[in-house]
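Let me begin by presenting the structure, written as structure tokens, before commenting on it.
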Amino acid sequence: MPSRRLGLSLGVDLVPVKTCSFDCPFCEVCRTTCHTVERRAYVPVADVLAELDDWLAAGGEADIITVAGSGEPTLHSGFGEILAGISARCSIPTALLTNSSLMHLPEVRTAAAHASIVKVSLSAWDGASFARVNRAHPSLDFDAMVAGLRALRAEHEGAIWMEVFLMAGLNDAPADVERIAVLARGIGPDRIQLNTVVRPPADRSAVAVTAEALEALAGRFEPRAEVIAGFTGSPPAAAPVSSDRVVGMLARRPCTAADIGVSFGLAADAAAALLAGLRSAGRITTEPRENGVYYSAKS
Ligand code: SF4
């Protein structure tokens, strides 16, 4: 998938749709149907690594392999073993995209250390905002999560990036963003990225912050936050394309025709024609948004 943060990314999905410790209004996947903090082997580690072996044998190329997907990957009890297995098989760097919720657990921090980049999230400033912005599982404690992030920074020698996700009217007031920035300073990530609603969100009440407002808020962070820009990676040389693979990708998250073009190495008119065919066949739906038309698989 083209990632706005990481370039061309191979996503490794470790939990079923939609298993998460949060139920964020802005989620690109869908509403959380399994709201849990239970850690277990949702899919067998050996099966994930066998799929990776197949992809590598078929000449798969990516800028990064991201352990993330249709929910929170640290809920998988074997995610550290999977990260280590990826590194043993290829030299492509790995990223763990986590919502930070389980970082208070030492075993989760130890497993996370296998990733080249640990990208954590922090979009609230206290327990009440945590409940509104992330709709966190009731057993989770915001202060314990922040302490876990500080411990991760102390223990982890690799890169730590932090995403701050802002929604208009929920957590974008300058005073509230300042509170998040103070907590971020105490954690000390290498990079901070401001994100907002771009793809169709799980909860249509989640509204984007303007690019101008994000730029104005970026300077409150130390180091200065980056406002995430559009995808700039190169298309794969000869990605095989089939209708089922395109629909499979659209089942994971809504994409534009440009995203599909980049992911499958298709010219713009070829991607548009393929999507038009899938729409006529009733397999996908469209949703116009301010920044373009998004395609989703019919559920
Ligand atoms: S955005 Fe991430 S953390 Fe939030 S509900 Fe979706 S998968 Fe979970």
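Counting starts at 1 for both ligands and their atoms, following the listed order.
- Of the options T74, N99, T32, a side chain to side chain donor-acceptor pair (under 3.5 Å) to S21 is made by N99 and by none of the others.
- Heavy atoms from other residues, nucleotides or ligands lying under 6.0 Å from CD of E226 number more than 12.
- In this structure, S70 and K18 have side chains that are not in contact, with every pair of non-hydrogen atoms separated by 4.5 Å or more.
- Side-chain atoms of L83 and V67, non-hydrogen and from C-beta on, do get closer than 4.5 Å to each other.
- Applying the ring pair (Phe, Tyr, Trp, His ring centres under 6.0 Å) test to pairs two or more places apart or on separate chains, those with a residue in residues 19-69 are F22-F130, F26-F165, H35-H137.
- Protein non-hydrogen atoms do not reach within 4.0 Å of atom 2 (Fe) of ligand 1.
- By the neighbour-count criterion of 12 heavy atoms within 6.0 Å, atom CD of E51 is sparsely surrounded, having that number or fewer from other residues, nucleotides or ligands.
- Protein N/O/S atoms found under 2.8 Å from atom 6 (Fe) of ligand 1, listed by chain and residue number: C27 SG.
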